[in-house]
Asks: 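Dropping the structure in here first, questions after.
All residue numbers in this chain count up from 1 along the given sequence.
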Amino acid sequence: MGDRTGVGVLRRTVGPRARRRLTVALVVTAAVVLLSGCVGPPPGTAGDLLGSPDQGRADVQHDGPEPTAMHLEDGVEVWDLTGTPSVEAFGVDTDGGSPVRNAVAAFSSTDDRPARFLLPGDRVVDLPVGEVIVTVDDFPDGLTDSSGQVITPAGRSFVLQVEGPSTSGAAAGVEAYRHALGAAALPTSAADELQEKVDSVPSIDETETSGRLGASTDVPVPDGMSAALSSRFRPSDTTPTFRMQFFVSWAPVPIP
């Protein structure tokens, strides 16, 4: 994994890493639901999890307007998620389209960089990140299932997906997730669930090992908003690599 570097200049280009992850963001948005780490940091403070901004500089690549919900504070990329989501808040270029379809803002860096996500209720999630991706879709008439039941109300949908650190090795991956949960003041029981998934690998049918296993913990947020912190790995890998992810979605807001 890259070192926990500080945030540098926002370059208005989309890097290769961002392009590779856009497909993931679009899949998440189409579902309009939430889910379901180099070696993870040792136990310690939230500052340990973020890493030191003095270790270097990371160039963040982004194609679009400057996000009003993000600012830099002592080398840390701080995202304020306490307000009403908007394309201006997340720096999304909609190209003037209406309705908006799969408009994506990606903030990508080669090396992980320290980031902090401020949630309602004074809750904070600290995580080294390689990418922050926001996807926007308009649903003028909402979405219904085959029975006619509304699964997505009419409005503009926002989904934020964060690609956190990767961790190599089962013990390190579970410990990194446990530490991230503790740093976010969340129950660490999901780390035990992740360990159970690791222990179950030998019993998994080989035809099922192409997918990913993992655990997810909901982050307490107000109604109209959902958030989760997860860690997943591919059981088919000889040495499993765990990827931490953070997801936030909002109930659709009115389309401007």
Asks: Taking side chain to side chain contact (heavy atoms under 4.5 Å, CB included) as the definition, give me every residue that meets it alongside Ser98, ordered by chain and number, with sequence neighbours left out.
Replies: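 Counting only residues at least two positions away or on another chain, Ser98 forms no side chain to side chain contact (heavy atoms under 4.5 Å, CB included).
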Asks: State the CZ-OG1 distance between Arg101 and Thr94, to the nearest 0.5 angstrom.
Replies: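 Those atoms lie 13.0 Å apart.
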Asks: Report yes if the side chains of Met225 and Ser249 come closer than 4.5 Å at any heavy-atom pair, otherwise no.
Replies: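 No, every pair of side-chain atoms sits at 4.5 Å or beyond.
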Asks: Among residues at least two apart in sequence or on other chains, which ones pass side-chain hydrogen bond (donor to acceptor under 3.5 Å, both in side chains) with Glu196?
Replies: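 Glu196 satisfies side-chain hydrogen bond (donor to acceptor under 3.5 Å, both in side chains) with no residue once adjacent residues are dropped.
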Asks: Looking at Pro128 and Asp112, what are the two nearest heavy atoms and their distance?
Replies: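 Closest heavy-atom pair between Pro128 and Asp112: CB-CB, 4.1 Å.
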Asks: Taking only residues two or more places apart in sequence, or in another chain, which ones meet Ser189 in a side chain to side chain contact (heavy atoms under 4.5 Å, CB included)?
Replies: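 Listed in chain order: Pro187.
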Asks: List for me each residue that meets side-chain hydrogen bond (donor to acceptor under 3.5 Å, both in side chains) alongside Asp80, sequence neighbours excluded, and say none if there are none.
Replies: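 Per chain and number, Asp80 pairs via side-chain hydrogen bond (donor to acceptor under 3.5 Å, both in side chains) with Thr82.
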Asks: Would a 4.5 Å heavy-atom cut-off, applied to side chains only, mark Leu119 and Val219 as touching?
Replies: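 A side-chain contact exists here, since the closest heavy-atom pair is under 4.5 Å.
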Asks: Assess whether a salt bridge exists between Glu77 and Arg113, defined as any Lys/Arg side-chain N lying under 4.0 Å from an Asp/Glu carboxylate O.
Replies: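 Yes, charged N to carboxylate O under 4.0 Å.
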Asks: Let me confirm one number: the CH2-OG distance from Trp250 to Ser157, rounded to the nearest 0.5 Å.
Replies: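 Reported to 0.5 Å precision, the distance equals 9.5 Å.
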Asks: Suppose the criterion is salt bridge (Lys or Arg N to Asp or Glu O under 4.0 Å): which pairs have a residue in residues 142-157, not counting sequence neighbours?
Replies: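 Checked against salt bridge (Lys or Arg N to Asp or Glu O under 4.0 Å) - neighbours excluded - the pairs reaching residues 142-157 are Asp138-Arg156.
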Asks: Should Val159 and Val248 count as side-chain neighbours, where that means a heavy-atom distance under 4.5 Å?
Replies: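 No, every pair of side-chain atoms sits at 4.5 Å or beyond.
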Asks: Give the cluster check for Ile255 versus Val87: same hydrophobic cluster or not, with ILVMFWY residues linked at side-chain heavy-atom distances below 4.5 Å.
Replies: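 Different hydrophobic clusters.
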Asks: With side chains defined as the heavy atoms from C-beta onward, is the minimum distance between Gln161 and Thr135 less than 4.5 Å?
Replies: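 Answer no - side chains too far apart.
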Asks: Take Asp192 and Arg178 through the test side chain to side chain contact (heavy atoms under 4.5 Å, CB included) and record every step on the way to the result.
Replies: CA-CA 8 Å; Asp192 298 328; Arg178 189 184 306 277; 3.1 Å; yes
Asks: When rounded to the nearest 0.5 angstrom, what distance separates OG in Ser86 from CZ in Phe158?
Replies: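 These two atoms lie 6.0 Å from each other.
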Asks: Could you tell me whether a side-chain N or O of Lys197 sits under 3.5 Å from a main-chain N or O of Gly214, the two making a donor and an acceptor?
Replies: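 Judged by distance alone, yes, a pair lies under 3.5 Å.
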Asks: Should Phe246 and Phe117 be marked as a ring-ring contact (aromatic ring centres under 6.0 Å, His included) after you check the CA-CA gap, both sets of side-chain angles, and the distance that decides it?
Replies: CA-CA 10 Å; Phe246 178 52; Phe117 300 90; 5.5 Å; yes
Asks: Taking all non-hydrogen atoms of both residues into account, name the closest pair between Ala154 and Pro140 and its distance.
Replies: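 Nearest pair, atom of Ala154 first, then Pro140: CB-O, 3.4 Å.
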Asks: Does Val253 belong to the same Ile/Leu/Val/Met/Phe/Trp/Tyr cluster as Val150, with side-chain heavy atoms less than 4.5 Å apart forming each link?
Replies: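 Unlinked, Val253 and Val150 end up in two clusters.
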Asks: In sequence, state the C-alpha distance, the side-chain angles, and the governing distance for Val78 and Leu72, and then conclude on side chain to side chain contact (heavy atoms under 4.5 Å, CB included).
Replies: CA-CA 6 Å; Val78 179; Leu72 302 182; over 6 Å; no
Asks: Where do Ala191 and Leu181 come nearest, in terms of heavy atoms and distance?
Replies: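 Closest approach of Ala191 to Leu181, heavy atoms only: N-CD1, 3.9 Å.
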Asks: In chain order, what residues pass the side-chain hydrogen bond (donor to acceptor under 3.5 Å, both in side chains) check against Glu193, with sequence neighbours excluded?
Replies: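 For Glu193 there are no side-chain hydrogen bond (donor to acceptor under 3.5 Å, both in side chains) partners, ignoring immediate neighbours.
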Asks: Can you confirm whether Ser108 sits close enough to Val60 that some side-chain heavy atom of one is under 4.5 Å from a side-chain heavy atom of the other?
Replies: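 A side-chain contact is absent here, since even the closest heavy-atom pair is not under 4.5 Å.
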Asks: Can you name the residues that form a salt bridge (charged side-chain N to carboxylate O under 4.0 Å, His left out) with Asp141, not counting sequence neighbours?
Replies: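 Partners of Asp141 by the salt bridge (charged side-chain N to carboxylate O under 4.0 Å, His left out) criterion come out as none, since no residue qualifies.
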Asks: Minimum heavy-atom separation for Val129 to Ser109, with atom names?
Replies: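 Heavy atoms of Val129 and Ser109 come nearest at O-OG, 4.0 Å.
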Asks: Is the shortest heavy-atom distance from the side chain of Leu160 to the side chain of Phe90 under 4.5 Å?
Replies: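 Yes, their side chains come closer than 4.5 Å.
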Asks: For Ala103 versus Val100, what's the shortest heavy-atom pair and its separation?
Replies: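 That would be CB-CG1, 3.4 Å.
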Asks: For Val201 and Phe233, what are the C-alpha separation, side-chain angles and deciding distance, and is it a side chain to side chain contact (heavy atoms under 4.5 Å, CB included)?
Replies: CA-CA 11 Å; Val201 169; Phe233 69 99; 3.8 Å; yes
Asks: Under 3.5 Å, side chain of Arg243 to main-chain N/O of Gly164, donor-acceptor pair present?
Replies: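 Between the backbone of Gly164 and the side chain of Arg243 there is a qualifying donor-acceptor contact (under 3.5 Å).
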Asks: Would Val104 and Val92 count as a side chain to side chain contact (heavy atoms under 4.5 Å, CB included) if you check the C-alpha gap in whole Å, the side-chain angles of each, and the deciding distance to 0.1 Å?
Replies: CA-CA 6 Å; Val104 177; Val92 181; over 6 Å; no
Asks: Does a side-chain heavy-atom distance below 4.5 Å link Asp137 with Asn102?
Replies: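 They are in contact (side-chain heavy atoms under 4.5 Å apart), so the answer is yes.
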Asks: Can you measure from CD (Gln245) to CD (Glu163) and round to the nearest 0.5 angstrom?
Replies: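 With rounding to 0.5 Å, CD (Gln245) is 4.5 Å from CD (Glu163).
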Asks: Quick one, Trp79 and Pro67 - any side-chain contact, counting heavy atoms below 4.5 Å?
Replies: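 In short, these two side chains touch, coming nearer than 4.5 Å.
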Asks: Does Asp93 have any side chain to side chain contact (heavy atoms under 4.5 Å, CB included) partners at least two apart in sequence or in another chain, and if so, which?
Replies: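 By the side chain to side chain contact (heavy atoms under 4.5 Å, CB included) rule, Asp93 matches Pro65, Asp95.
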Asks: Counting only N and O atoms by type, is there a donor-acceptor contact under 3.5 Å from the side chain of Tyr177 to the main-chain atoms of Leu229?
Replies: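 Yes; judged by distance alone, with no hydrogens or angles, the pair exists.
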Asks: Taking atom NE2 of His62 and atom CE of Met70, what is their separation to the nearest 0.5 Å?
Replies: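 His62 atom NE2 to Met70 atom CE measures 8.0 Å (nearest 0.5 Å).
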Asks: At their closest point, which heavy atom of Ser216 faces which heavy atom of Ala190, and how far apart are they?
Replies: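 Scanning both residues completely, I find the closest heavy atoms to be O-CB, 4.3 Å.
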Asks: For Ala184, check side chain to side chain contact (heavy atoms under 4.5 Å, CB included) against everything at least two apart and list the hits.
Replies: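 Partners of Ala184 by the side chain to side chain contact (heavy atoms under 4.5 Å, CB included) criterion, ordered by chain and then number, come out as Val125, Leu186.
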Asks: Would you compute the distance between atom CD of Glu175 and atom CG of Leu194 and round it to the nearest 0.5 angstrom?
Replies: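 Interatomic distance, Glu175 CD to Leu194 CG, rounded to 0.5 Å: 11.0 Å.
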